[in-house]
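Beneath this line is the structure, given in structure tokens, with notes to follow.
Throughout, numbering of the chain's residues begins at 1 and tracks the sequence. We use all heavy atoms of the structure for the numbers below, so side chains are in, but hydrogens, waters and symmetry mates are not.
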Amino acid sequence: MLSGPLALPGAAVPYAVAARFAAPDRPVIALVGDGALQGGGLNELITVRRHLDRLAGLPPLVFCVFNNGDLNRLTWQRRAAAGDPLIPLSAEVPALPYARWARLAGLPSVRCDRPRQVGSAWDEALGRRGPLLLEFVVDGEAPPDWAAGPGTHRPRRKAVRGLMGSAG
């Protein structure tokens with residue numbers, strides 16, 4: 001499910017909780033950006049913690065967080081409109097260690113900050129029962145498909161290294 005045309009940030013977490021209760025026998029995966037998670041999803045994870053006893057034995061309920069330190073959709077909309085992929089970040093979000101936050105809240109978590117760990121991170125997340133927060137530290141300088149139209153160029157490598165250094 002998507003909040004698509006509403007452009008509602010943070011809908012993935014409550015949608016996933018609702019999906020879990022609606023279909024308790026199926027795995028549920030929520031894909032959420034770090035800005036959207038900070039915009040309300042962290043509070044919803046407290047609700048998940050409150051119901052942990054009901055959720056623990058069920059199939060995986062994975063909250064997959066893409067940590068890039070930016071409200072990336074807004075940044076890339078701005079970049080696409082200007083035709084310039086090197087416009088600086090539009091709306092940085094405060095750095096937060098999401099996997100550690102989840103553990104402090106009493107939820108299991110996995111953090112992945114290296115491409116070679118992606119498969120094992122998913123294996124761990126999907127191999128468990130109950131809720132889990134899966135944090136991926138990602139490169140916010142890679143354009144989304146919808147922003148990578150004609151004339152869009154990949155950013156200079158130096159800028160990508162600088163961003164990854166601050167996000168990791």
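Residues L45 and L37 have side chains in contact (heavy-atom distance under 4.5 Å, counting atoms from C-beta outward). Side chains of L52 and P131 form a contact here, defined as non-hydrogen atoms less than 4.5 Å apart. The closest side-chain heavy-atom distance from E44 to F63 is not below 4.5 Å. Two residues are said to be in side-chain contact when any heavy atoms from C-beta on lie closer than 4.5 Å; V13 and T47 fail this criterion. Between L134 and W122 the shortest side-chain heavy-atom distance falls below 4.5 Å.
Heavy atoms only, all atoms of each residue included: A125 and V62 are closest at O-CG2, 4.0 Å. In plain terms, the two heavy atoms of P108 and A102 that are nearest each other are O-CB, 4.5 Å. Between C64 and F66, the shortest heavy-atom contact is SG-CZ, 3.7 Å. Between R128 and E124, the shortest heavy-atom contact is CG-O, 3.1 Å.
Within the model, atoms CG of L31 and OH of Y15 stand 14.0 Å from one another, a figure rounded to the nearest 0.5 Å. Residue L104 holds its CG atom at 9.0 Å from OG of S109, rounded to the nearest 0.5 Å. Remark: W101 CH2 to L107 CG distance equals 7.0 Å, nearest 0.5 Å.
Looking only at distances, a side-chain donor or acceptor of E135 sits under 3.5 Å from a matching main-chain atom of A99. Side chain of R20 to main chain of R26: a donor-acceptor pair is present (N/O by atom type, distance under 3.5 Å, no hydrogens or angles).
In the model, Q38 has a side-chain atom that pairs as donor or acceptor with a side-chain atom of Y98 under 3.5 Å.
Within a 6.0 Å sphere centred on CZ of R100, heavy atoms belonging to other residues, nucleotides or ligands number 12 at most.
For the pairing with V137, the side chain to side chain contact (heavy atoms under 4.5 Å, CB included) check across D113, V65, D34, N68 returns one residue only, D113.
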